[in-house]
Amino acid sequence: MLSRLMSGSIRNLDREYSCTVRLLDDTEYTCTIQRDAKGQYLFDLICHHLNLLEKDYFGIRYVDPDKQRHWLEFTKSIAKQMKSQPPFTMCLRVKFYPPDPAALKEEITRYLVFLQIKRDLYHGRLLCKTSDAAILAAYILQAEIGDYDPGKHPEGYSSKFQFFPKHSEKLERRIAEIHKTELIGQSPETSELNFLQKAQMLETYGVDPHPCKDVSGNPAFLAFTPFGFVVLQGNKRVHFLKWNEVTKLKFEGKTFHIYANQKEDKKIILTYFAPTPEACKHLWKCGVENQAFYKLEKSSQVRTVSSSNLFFKGSRFRYSGRVAKEVMEQSAKIKREPPEIHRAGLVPSRSCPSITHGPRLSSVPRTRRRAVHISIMEGLESLRDSAHSTPVRSVSHGDSFMPRSRSLLTDSGDGTAVISDEAYSPSDSVLPTPVAEHSLELSIARHINGAPCSIEEEKESEAGTPTGGDAAELGPDGRLLSPGHGGEASSLSGVEQVNKFVLSVLRLLLVTVGLLFVLLLLLIALTESDLDIAFLRDIRQTPEFEQFHYEYFCPLRRWIACKFRWLGGHLINK
């Protein structure tokens, strides 16, 4: 009896996994899940823990053993997705940034989005000018330490906190000046809302950068925002396609294609290359989900998409969940007392406050002379943070997908490099050059795939069919799209085109023969075997099958048997 109880307990333990989820305030939520539990179950547990109703904007990230980040799929088993041994560790992050944060119904939702955008600012995903950076940081100070108090906040108090990867003493003074004079009396809720509204106006709001290379080998970052698809190169947004302009997203191996129709029936295709096939597939899935969420009117319009034009080739994926319009309509129906929010003070050298009274990691305040350096703990945090989707595997300098920083450095007295205010870039760790002070409208000439022209200037040219590794882009009508006036794209040679065509024909032929063989086996099982299986018996009893069997199959079988006998007799006589 005791042995049965012990074996039963062991089996129950085998069916349960421990799971830890890092929240946006860096506290941890730990729970036990069943072996067959799906992602939706864990997500609902976390939302219940946070008292969160507007939960469609959020998702759970995890990292696989190959250091590639993924979004947890809610319709699939958690254990099968993780591909690693328990206990599992994941992160709660904003998956779909609200197009208008002020329109969110509940303050708890706005606060969580506020924490996410602070992380984006700190980890270099939110590009902005120096003036905007000072205002954003001042809003954070006001929200988390309140009004300026000379007794509590001595000279240089803003230098105890690091809001960006790198900044200068001049910027610190400007942050403190705004906090002291312009934000007096603002409540935390008001400061957080002002912060969100300011961040929303930036071009890189909601950017989750995926490192790639263009057809010329230049580093680029692809991202999906609430308003459309974005390509960043250096400090410039070289492409912006609205969601209603994007017609198809496709990938094959490490090659990612974006098909779009712009005004005047202009068709363009952009081609980029991800570091690995896994990163490219993740990029494609993120694009499919973002397009469905922001573009569609109803979730009933969501369709399963394929990464290939052929049904037997490529990956298939379907977005599961409500779309943005449905989420807003559902949020308007929320009627409850606003949940209590436990805000914590700003932690020195980190921009990660606590939403509850859970444990918080501390770090050593940095001095002004070390403004350019990120501490070891901050560097680890940058790697651990799962708010952006780039793989964290090491890349050599010769094959790096990160562009070199162009920030201007000035030498301080002790030889430590300090970023000058004019060259300040809050995203030096990811997107290293500052956004230009002038307007970044798409009408300004951009570098597109390495060639100096704007999106509107892209032209089509007659050429051959390219492969994923060539510096060219194929249009839907089979014509090559030039990436720019530079003419850097090259068509495939005639031999390569023939080889690709032959491989496609052979693949199609192989699949066709396979399908015919399966149908032949099924036909033989129906007519010649005595298998008493329900579905076979039902098919045999239909009048159509009986007519086919006696009028066509039996005469064909007799004819084939007669030919085999004749052939056998002919061979024996010889």
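All values below come from the heavy atoms of this structure, side chains included, with hydrogens, waters and symmetry mates left out. The model shown is predicted, which means the values in this text are computed figures rather than measured ones.
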Sequence neighbours excluded, every pair satisfying salt bridge (charged side-chain N to carboxylate O under 4.0 Å, His left out) that has a member inside residues 45-57: D44-K55, D56-R322
Filter on salt bridge (charged side-chain N to carboxylate O under 4.0 Å, His left out), then keep only pairs touching residues 294-307, sequence neighbours left out; what's left?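 Matches after skipping sequence neighbours: E297-K325.
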Side chains of [X] and [Y]: do they bring a donor and an acceptor to under 3.5 Å?
| X | Y | result |
| --- | --- | --- |
| T75 | Q40 | no |
| Y97 | D120 | yes |
| S191 | Q186 | yes |
| N261 | E245 | no |
| K250 | Y259 | yes |
| D214 | Q233 | yes |

Heavy-atom neighbours of Q301 CD exceed 12 at 6.0 Å: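 Result for CD/Q301: enclosed.
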Pi-cation contact, F240 with R237 (under 6.0 Å, within 45°):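 Output yes; distance and angle both within limits.
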Hey, are [X] and [Y] close enough for a salt bridge, meaning a charged N less than 4.0 Å from a carboxylate O?
| X | Y | value |
| --- | --- | --- |
| K118 | D25 | no |
| D132 | K198 | yes |
| E73 | K38 | no |

How close do [X] and [Y] get, heavy atom to heavy atom, and via which atoms?
| X | Y | value |
| --- | --- | --- |
| P86 | Y17 | CG-CD2, 3.6 Å |
| T89 | M82 | O-CE, 4.2 Å |
| C212 | A274 | SG-CA, 4.1 Å |

Side chain of R110, backbone of L104: donor and acceptor closer than 3.5 Å? yes
What orientation do [X] and [Y] show, parallel under 30°, tilted 30 to 60°, or perpendicular over 60°?
| X | Y | result |
| --- | --- | --- |
| F164 | H167 | perpendicular |
| F224 | F229 | tilted |
| Y272 | H239 | perpendicular |

In sequence, state the C-alpha distance, the side-chain angles, and the governing distance for F43 and F74, and then conclude on ring-ring contact (aromatic ring centres under 6.0 Å, His included). CA-CA 8 Å; F43 184 64; F74 294 162; 4.6 Å; yes
Partner set under side-chain contact (heavy atoms from CB on, under 4.5 Å) for A134, not counting sequence neighbours: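 Scan of A134 (side-chain contact (heavy atoms from CB on, under 4.5 Å), adjacent residues dropped) gives L171, R174, I175, I178.
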Where do F96 and Y57 land on the ring-ring contact (aromatic ring centres under 6.0 Å, His included) test, with the steps shown first? CA-CA 5 Å; F96 303 113; Y57 299 104; 8.2 Å; no
The test is ring-ring contact (aromatic ring centres under 6.0 Å, His included); show your working for F251 and F256 and say whether it passes. CA-CA 4 Å; F251 85 97; F256 182 70; 7.8 Å; no
